[in-house]
Amino acid sequence: MFRMVSVIFLSALFGCDRNANSLIPNESDQFPAVIEIGELEVVNKNTLNFIIDKQQGTLAYIKPNLDGDTPLFLGDADGDDTSPATGYEFNDCPELEAELNGLTEQERYEWYLEHGTIDCETFKSNPEADNNRDALPFFYGQLGRAPDLTKGGATFTFMGTGDDVCVVLDPETVFWNQSIAPAGRVDQYAYPDYFDDDGDLDLFGGMSSYYTGSPGVEIGDFRGFYTDSKGELIEIQYGECNQIGYGGVDGAHAGRAKPEFCTIDTDQQEGVEFTVVMETWAVPLDDGVLSFGVAVMNERCPRVDTSECFIRTESLDANGNPKECTDKLEYAQCDGKLASFCCANPEMCGDENIVDDDLCGGLMVVDDAPATRDEWCEANPAMCCETDGDVEIEGSTGGGGEGPGGPF
Amino acid sequence: MKHFPQMIGFSALVLSGCTFDEGLREADLTGKIRIPVEALTSLELVDPDGTPLLQDGFTVDEEGNPVMDATEQYGLIGPVYLGGFPSVEDGHYAYPHPEMGPILDPDRPGNTYPYGGTTVGRFDYACYEQLRCKVVTGRYDSFQSIIDFFSDVVQEPIIAPDGTEVLSGATYQEHCFSTEYVTSDDELSFVDEDPNEDVSPYFKPYFKLNSEGTHYVADVTVPHSLFVEDMELWGWVDMPSKSYSYTTCDADAGSSYYRYTEQFMEGSSYPDLLNFPGIYIDEGDWVAEPVMLSDSDDKFTIDFNFHYEG
């Protein structure tokens with residue numbers, strides 16, 4: 001008996017030569033684990049289109065790095081005799097055209113923070129007024145790892161509109177499971193992802209009066225308690241940001257790097273303050289900082305773009321600037337060309353040694369003929385990291401139907 | 001014999017587990033429910049033109065003359081919902097109703113947060129689309145009895161997918177066996193030829209008219225209910241409307257049926273009946289007088305005497 005126990009004990013000791021410390025990011029001395037953002041506006045997509053100078057009525061998107069150099073013209077000053085005006089235009093509002101003509105994206109954003117409206121009549125009634133209490137139209141932020149045994153995350157508030165709103169959150173960066181099936185391989189996902197740049201935030205929301213946390217100090221929840229007449233304590237869930245998962249499961253959350261979104265019905269609650277909690281679930285291992293983007297739209301989520309292409313370039317470096325080439329990684333994901341992108345830019349993706357030998361050769365083609373990387377990049381400039389210029393991505397709505405996990 | 005002391009010790013250890021009190025607060029609550037015979041004698045069914053089919057406890061002909069005594073047509077008794085609650089109060093509705101928690105949704109009453117509950121009979125898909133949300137377990141002892149009930153009482157004969165009327169129990173059984181992929185009546189919940197089989201402590205959901213002819217009586221167990229001293233049992237019977245439909249069944253819920261050209265949902269009861277009973281109790285239902293339980297071993301009798309007339 002003693003011999004058997006000794007053998008087991010010694011065997012176990014020799015197995016204890018590893019630990020999981022490498023899977024735990026270091027605490028950040030630059031970014032706190034818990035932050036309070038303030039108030040976000042329940043924003044109309046045309047407000048976002050205005051800031052980035054995109055046509056009215058089109059699907060909007062947001063980005064952290066607004067252009068501060070290029071003046072944007074409106075009305076007759078935009079376009080010339082041979083081409084129509086592009087970008088955002090005001091219909092029959094010379095006052096706003098005069099006010100905003102020539103501003104850059106960054107200046108438009110700052111102007112909007114000061115005035116809080118692009119509605120013509122509202123602006124004309126008082127051109128100097130702040131119409132939205134300095135609420136932000138969207139937010140990009142960064143979180144450090146929470147200390148052991150505590151929760152980390154970010155919170156913000158918004159005001160109920162009396163109608164449905166959609167909260168959309170996108171943690172960095174882009175994640176997919178590698179398709180390794182020898183038969184029926186899905187080529188788009190056949191190149192492995194680089195996991196260490198991906199984080200995860202879980203989305204919760206409800207009326208501020210039911211929130212149990214301390215904004216900026218401690219992450220709480222929306223659980224309340226009711227005591228019945230027999231003294232039994234009953235937990236009540238006051239959270240209103242419910243995501244439906246696979247199989248119709250309530251209270252689901254999306255996986256790493258995937259956008260999370262929920263529709264909150266603020267019927268009968270116009271002017272009531274709501275709190276949104278973005279709870280840290282996983283911090284990226286590459287830098288120990290979880291960056292994200294978030295916005296609140298004034299429509300139900302099925303009518304909002306909830307793909308990776310709505311909140312763009314949420315992966316930020318220590319200076320708050322988008323990490324290089326993550327915009328094109330997102331573009332590749334939205335456009336269904338992840339594997340092509342990874343073949344051209346292996347430094348943005350996972351271990352190239354586990355890629356099937358035939359994958360990249362079959363994808364690096366131009367006009368149906370095999371091409372070198374340079375030839376392929378010349379034909380697909382938006383897919384190669386070293387090329388300049390913004391990528392043109394078309395987002396898509398209908399994000400309410402597939403569950404937060406999304407298809408793989 | 002060498003290890004006899006060890007065997008004794010081991011046996012003692014095992015046996016001690018059989019008497020160990022885990023201190024769980026949940027208990028099986030057992031008793032009887034009684035529904036007055038007036039529940040059937042006051043029930044009315046009419047055809048789509050408004051012509052009476054059932055009144056005063058009898059099926060009637062076109063002239064209104066009684067044809068068949070319906071007081072033992074248990075298919076007319078819908079599911080009985082029974083729950084345990086902290087208390088039952090008057091004043092919220094026109095009938096006694098459990099106390100409710102805070103109103104979280106302006107369109108819904110407060111949740112009753114029941115401690116536990118059960119049903120005596122539940123909706124079950126009885127192999128034909130026509131019978132969705134119309135067949136309750138514990139009401140029929142044969143396929144033929146279902147055929148006769150819908151033909152003679154409800155006067156909506158069962159029609160097979162090929163358009164022919166289902167006339168024999170054998171045909172019905174064969175249809176069930178082939179569409180539900182079963183090989184025995186035991187695999188079907190809505191028909192039971194042995195209603196009095198002892199399956200205590202969980203009783204079969206069968207009613208029987210008492211010898212006095214005054215009440216339908218059934219044994220019931222509320223399984224694994226949280227027991228709180230002086231909690232109250234309460235419930236109601238979902239009685240069919242004049243067009244023989246039930247308010248507690250959702251025809252768009254339940255399992256999906258997909259066979260050749262037939263595609264529909266099989267129907268199922270709503271999931272929150274005991275949480276929001278006020279939403280589902282409607283005209284014609286019979287509501288219980290609450291019974292207080294001081295001990296989980298008390299054998300209760302609960303009477304569903306209050307006829308909610310709307």
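Each chain gets a letter, A, B and so on, in the order its sequence line appears, and its residues count up from 1. What you see below is based on every heavy atom in this structure, not just the backbone, and it leaves out hydrogens, waters and symmetry mates.
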Value rounded to 0.5 Å, distance of CG in A/Asp228 from CG in B/Asn111: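 A/Asp228 atom CG to B/Asn111 atom CG measures 11.5 Å (nearest 0.5 Å).
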To the closest 0.5 Å, what do you measure between CG (B/Leu104) and CE (A/Met207)? 8.5 Å
Take atom [atom1] in [X]; do more than 12 heavy atoms of anything else shown fall under 6.0 Å from it?
X: B/Met292; atom1: CE; result: yes
X: A/Phe225; atom1: CZ; result: yes
X: A/Arg3; atom1: CZ; result: no
X: A/Glu273; atom1: CD; result: yes
X: B/Glu283; atom1: CD; result: no

Any idea which heavy atoms bring A/Tyr226 and B/Gly101 closest together, and the distance? CZ-CA, 3.5 Å
Where is the tightest heavy-atom contact between B/Val228 and A/Lys230, given as atom of each residue plus distance? CG1-CB, 3.7 Å
Report which part of B/Tyr115 has an atom under 4.5 Å of a heavy atom belonging to chain A: side chain, backbone, both, or neither. side chain
Flag the pair B/Tyr113 / A/Ile236 as yes when at least one side-chain heavy-atom distance between them is below 4.5 Å, and no otherwise. yes
Does any part of the side chain of B/Met231, heavy atoms only, come nearer than 4.5 Å to the side chain of A/Glu232, both counted from C-beta? no
Give a yes or no answer on whether the side chain of B/Glu99 reaches the backbone of A/Ser229 with a donor-acceptor pair at less than 3.5 Å. yes
